[in-house]
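See structure below.
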Number of protein chains: 2
Amino acid sequence: MVVDISSGDTELSDDEVDRIFRALADATRRDILRRTLTGEASVSTLAAAYDMSFAAVQKHVAVLEGAGLVTKDPRGRERLVRGEPETIRRAQHLLHQFQAIWESRISRLDALLAEPPTT
Amino acid sequence: MVVDISSGDTELSDDEVDRIFRALADATRRDILRRTLTGEASVSTLAAAYDMSFAAVQKHVAVLEGAGLVTKDPRGRERLVRGEPETIRRAQHLLHQFQAIWESRISRLDALLAEPPTT
DNA sequence: GATATCTACAACCATTTGGTTGTATGTTAT
DNA sequence: ATAACATACAACCAAATGGTTGTAGATATC
C-alpha cells in the first residue's frame, strides 16, 4: 500500500521550519498569534496588551512575520497584523510527519511479529 | 453547541510549551527526533551521524529530553534514546487549537453574514 | 501649520544558545 | 588489572535572543 503523505504543500527549508518553531517557542508570541487569528489588530493595539515596551512587541511581531505566521497590512498610519493559518497548518503537517514515522515503526514491529522468521 | 477541545491531555505550562517548540526549532534536533522515533539509538550512535562533537550532540539530546520529546534509558554503559510520540501529539494538539481559533473566527463571520442586523 | 500618533530602526545590554575542549566516572572487553 | 568505550559535566567562547531607550519618518487631527 502506498500512502501519499505530501498533501501538496510546498517544501519548507530547514531554516523556514526553524523560524516557525522558534517563533512559536515564546508565550508572548503565541498570544499575539492567537489575537491576530481572532481578528486583525494594529501593532500598537497589540503592544497595549503586554507589560513591555512597544519596540519589544514590535520585535515579536517581526519574528512572527519572518516565520510567515503573521502578515502586516498598512492601513493608514497603522499596520494591521493578521495571523496566517496556512503556516500553522504547515507546522501541523510537519508534526504529523513525525507521528507518521512513529506509526510506521509500529507497523514494522507488527510485521516482524506477524512474519515467520526468514532464516 | 458545546465543543470539547481538550482531548483529555494534562495542561502544559507556558514554559513546557516553550521548551517543546524551542527543541523543535533546530534541524539537528529534529533529525535526532526522527531517528529515535524510528528506533532507539545510543547517544554515541547518534553522535556519529553528525559533523559535530559528541558533547554537542549530547547537548541536543539533553534539550530534547528537557522538552519531553525524548527519554534516555540506561542500557549497560550506554544510554538508549527513545522518541516520545505523546509529546509530539501534544504539540500537534496545541497547533490544532490555533487552527480552531481561526475556524471559530470564520464561524463568527459566517454568523454575521447570515444573521439580520440586530439594530 | 502644528501637534499628536503609529511605526521603523539603531544602539546598547544581559542572558541564552550552540558549539568547542578537557577532565572525570562508570562499564565492557582483553 | 588494564585498556577501550560511552557518558557526564565544567569551562569557555561567539553569536543570537529578548529586552531597553532614543531618534526619525509617515500619517491623522486640531
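Throughout, protein chains are lettered first and strands after them, A, B, ... in sequence-line order, and every chain is numbered starting at 1. Reckoned from all heavy atoms, side chains included, excluding hydrogens, waters and symmetry mates.
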- Query: For A/K72 and A/V43, which heavy atoms make the closest approach, and how far apart are they?
  - Reply: CD-CG2, 4.4 Å
- Query: In terms of side-chain geometry, is the basic nitrogen of B/R35 or B/D31 positioned less than 4.0 Å from the acidic oxygen of its partner?
  - Reply: yes
- Nearest-Å distance for atom pair OH/P, residues B/Y50 and C/dG19: 12 Å
- Rounded interatomic separation in angstrom, taking CZ from B/F54 and P from C/dG19: 15 Å
- Residues in residues 26-47 of chain A with a heavy atom under 4.0 Å of DNA chain D, by number, are A/R29
- Message: Quick one: does any side-chain atom of B/R79 pair with a main-chain N or O of B/P74 as donor and acceptor, under 3.5 Å?
- Response: no
- Message: Going 5' to 3' along DNA chain D, between which two nucleotides do contacts with chain A fall, using a heavy-atom cut-off of 4.0 Å?
- Response: D/dT17 to D/dA28
- Given atom CZ of A/R79 and atom P of C/dT5, what is their separation to the nearest angstrom? 18 Å
- Shared hydrophobic cluster for B/V61 and B/L80 (ILVMFWY, side-chain gaps under 4.5 Å): no
- Note on the structure: note: B/Q58, atom CD; C/dG19, atom C1'; distance rounded to Å ~ 13 Å
- Task: Using heavy atoms to find the nearest nucleotide of DNA chain D for A/D51 and A/E78 separately, return the residue whose nucleotide is more 5′.
- Result: A/D51
- Heavy-atom nearest pair, A/V70 first then A/G83, reads CG2-CA, 4.0 Å
- Message: For A/R75 and A/V57, find the nucleotide of DNA chain D closest to each by heavy atoms; which residue's nucleotide sits nearer the 5' end?
- Response: A/V57
- Task: Kindly say if A/K72 contacts the phosphate of C/dA8, meaning a side-chain N or O under 4.0 Å from OP1 or OP2.
- Result: yes
- Report yes or no: do A/L33 and B/L12 belong to one cluster of Ile/Leu/Val/Met/Phe/Trp/Tyr joined by side chain heavy-atom distances under 4.5 Å? yes
- Message: Just the rounded figure in Å: distance from P of C/dC9 to NZ of A/K59.
- Response: 12 Å
- Give, ordered by number, those residues of residues 12-22 of chain B having at least one heavy-atom distance below 4.0 Å to an atom of DNA chain D; if nothing qualifies, reply none. B/R22
- Query: Are the side chain of B/T45 and the backbone N or O of B/A41 linked by a donor-acceptor pair below 3.5 Å?
  - Reply: no
- Cluster check A/M52, A/V63: I/L/V/M/F/W/Y, side chain < 4.5 angstrom: no
- Query: Within the side chain of A/R19, is there an N or O that forms a donor-acceptor pair under 3.5 Å with the backbone of A/D14?
  - Reply: no
- Item | Whether B/E78 side chain and B/R75 backbone form a donor-acceptor pair below 3.5 Å | no
- Query: Taking the side chain from B/R30 and the backbone from B/L24, do they hold a donor-acceptor pair closer than 3.5 Å?
  - Reply: yes
